[in-house]
Asker: 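Got a structure for you, questions after.
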Protein chains: 2
Amino acid sequence: MNENLDTHIYKMLTEAGLYHTENRVLILKILFNARKPISQEAISSKSVKHFDKVTIYRTLESLIKAGIVHKAFINKRASHYELAHRCTTKQCHPHFTCTKCGSTHCLVDLSMPMAAANHKGFTITHQQVHLEGLCPACSQ
Amino acid sequence: MNENLDTHIYKMLTEAGLYHTENRVLILKILFNARKPISQEAISSKSVKHFDKVTIYRTLESLIKAGIVHKAFINKRASHYELAHRCTTKQCHPHFTCTKCGSTHCLVDLSMPMAAANHKGFTITHQQVHLEGLCPACSQ
DNA sequence: ATCAAATATGCAACTAAGTTGCAAATGTTA
DNA sequence: TAACATTTGCAACTTAGTTGCATATTTGAT
Ligand SMILES: [Mn+2]
Ligand SMILES: [Mn+2]
Ligand SMILES: [Zn+2]
Ligand SMILES: [Zn+2]
């Protein structure tokens, strides 16, 4: 599985025309394992190796430009990043924020209908749905 | 019309149990006139009177707590504020951001179906839809 | 009108997310 | 291995938002 992940990441970077650097691979692995949007600070603290925060921001920037990563939404002034592999070009899965514990979750199996592509002169190309309420743990 | 707005604002503040202060009224008028989410910085620059930014943040905070104002979404690290009068408790109208000119719009007449109130243990109480694409001016 | 209590305001100082410039290090290709 | 392109770390900076505190304003009761 680790072998597969390394190979997968290697291929992704090659296809994107990005240098295959240690930092890029480590950050991608952290994002793969997180399975939800996380902040620069969270990436930093999940990492064994010390990263300069500028390096993390610039690495994320390059991955976003390549379409591998995207910003999910902004929570408490810090953007949260996740892999883009479970989103279409027109719509990301809905994101959920618990109003009690503050945790965020990707509701990848909750499908939401897209708004019409045109609405009173607006050309709508992308839709993002943000949900709030209580997470399973806090619903009890 | 100005007479009506003053009266309306006065009533809103009274009903919310908030002091009827000059600053609160001025900021509410700016929000009424803006007709879209705007930042603290924008409120400040639209105002003839000089406001301390802390005053604006604390005024908005009190209005949010009273349910009169809410944060629409966060754009470029700065929250954008608008009146809550065109939103229900469960769902705000969709917000649109133009990818070309960066302008934001409230699509108050574009209705989006609510996600189910329950989904795999999540209790969903609020939904926010964010759309992207080209605004009428940029669509030409 | 006057006063006391509650609330709002302005100022200075602070925290923290994200950015920029630049020199040194690393990855790629030949 | 050499030349070139890209990435990295560091220091310094910008700016949204917060906090503490002393002063000013609003309100309701007298
Ligand atoms: Mn996503
Ligand atoms: Mn709104
Ligand atoms: Zn929770
Ligand atoms: Zn536009």
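This structure is a prediction, so every number in the text was calculated from the model and none was measured. The chains referred to below are lettered A, B, ... by the order of the sequence lines, with proteins before strands, and numbering in each begins at 1. All values below were derived from every heavy atom in this structure, side-chain atoms included, with hydrogens, water molecules and symmetry-related copies excluded.
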Asker: Give the rounded distance in Å between these two atoms: CD1 of B/I43 and P of D/dG17.
Answerer: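 About 10 Å, once rounded to whole Å.
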Asker: How many Å lie between CD on A/E41 and P on C/dT15, as a whole number?
Answerer: 16 Å
Asker: Where the side chain of B/H93 meets the backbone of B/R86, is there a donor-acceptor pair that is under 3.5 Å apart?
Answerer: yes
Asker: Could you tell me how far apart B/L13 (CG) and D/dT26 (C1') are, to the nearest whole angstrom?
Answerer: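 So the two atoms are 12 Å apart, to the nearest Å.
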Asker: Tabulate below the donor-acceptor pairs under 3.5 Å that side-chain atoms of residues 48-57 of chain B make, not counting sequence neighbours, or state none.
Answerer:
unit_1	atom_1	unit_2	atom_2	d
B/K49	NZ	B/N23	OD1	2.4
B/D52	OD1	B/V54	N	2.9

Asker: Taking side-chain contact (heavy atoms from CB on, under 4.5 Å) as the criterion, tell me which of B/L63, B/L31, B/I9 meets it with B/I68.
Answerer: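 Single side-chain contact (heavy atoms from CB on, under 4.5 Å) partner of B/I68 among B/L63, B/L31, B/I9: B/L63.
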Asker: Rounding to a whole Å, what distance do you find between B/Y57:OH and C/dG10:C1'?
Answerer: 16 Å
Asker: Compute the bend angle of the helix from C/dA1-D/dT30 to C/dA30-D/dT1 from the end axes (five pairs per end), rounded to 10°.
Answerer: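 Both end axes considered, the difference amounts to 40°.
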Asker: Test B/H20 against B/T14 for side-chain contact (heavy atoms from CB on, under 4.5 Å), laying out the working first.
Answerer: CA-CA 7 Å; B/H20 178 244; B/T14 304; 6.0 Å; no
Asker: Any chance you could list the contact pattern along nucleotides 5-13 of chain D? Use B for base contacts, S for sugar-phosphate-only contacts and - for none, protein heavy atoms under 4.0 Å, 5' to 3'.
Answerer: BSSBBBB--
Asker: Considering the options B/V108, B/L131, B/D109, which one meets the side-chain contact (heavy atoms from CB on, under 4.5 Å) requirement together with B/P94?
Answerer: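 Among the candidates, only B/L131 passes.
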Asker: CD of B/E61 versus C1' of C/dT9: gap in Å, rounded?
Answerer: 14 Å
Asker: Can you confirm if the aromatic rings of B/F32 and B/H8 lie within a centre distance of less than 6.0 Å?
Answerer: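 Judged by ring-centre distance (under 6.0 Å), B/H8 and B/F32 do meet the cut-off.
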Asker: Within the side chain of B/S139, is there an N or O that forms a donor-acceptor pair under 3.5 Å with the backbone of B/L134?
Answerer: yes
Asker: How about B/E82 and B/H70: does a side-chain donor come under 3.5 Å of a side-chain acceptor?
Answerer: yes
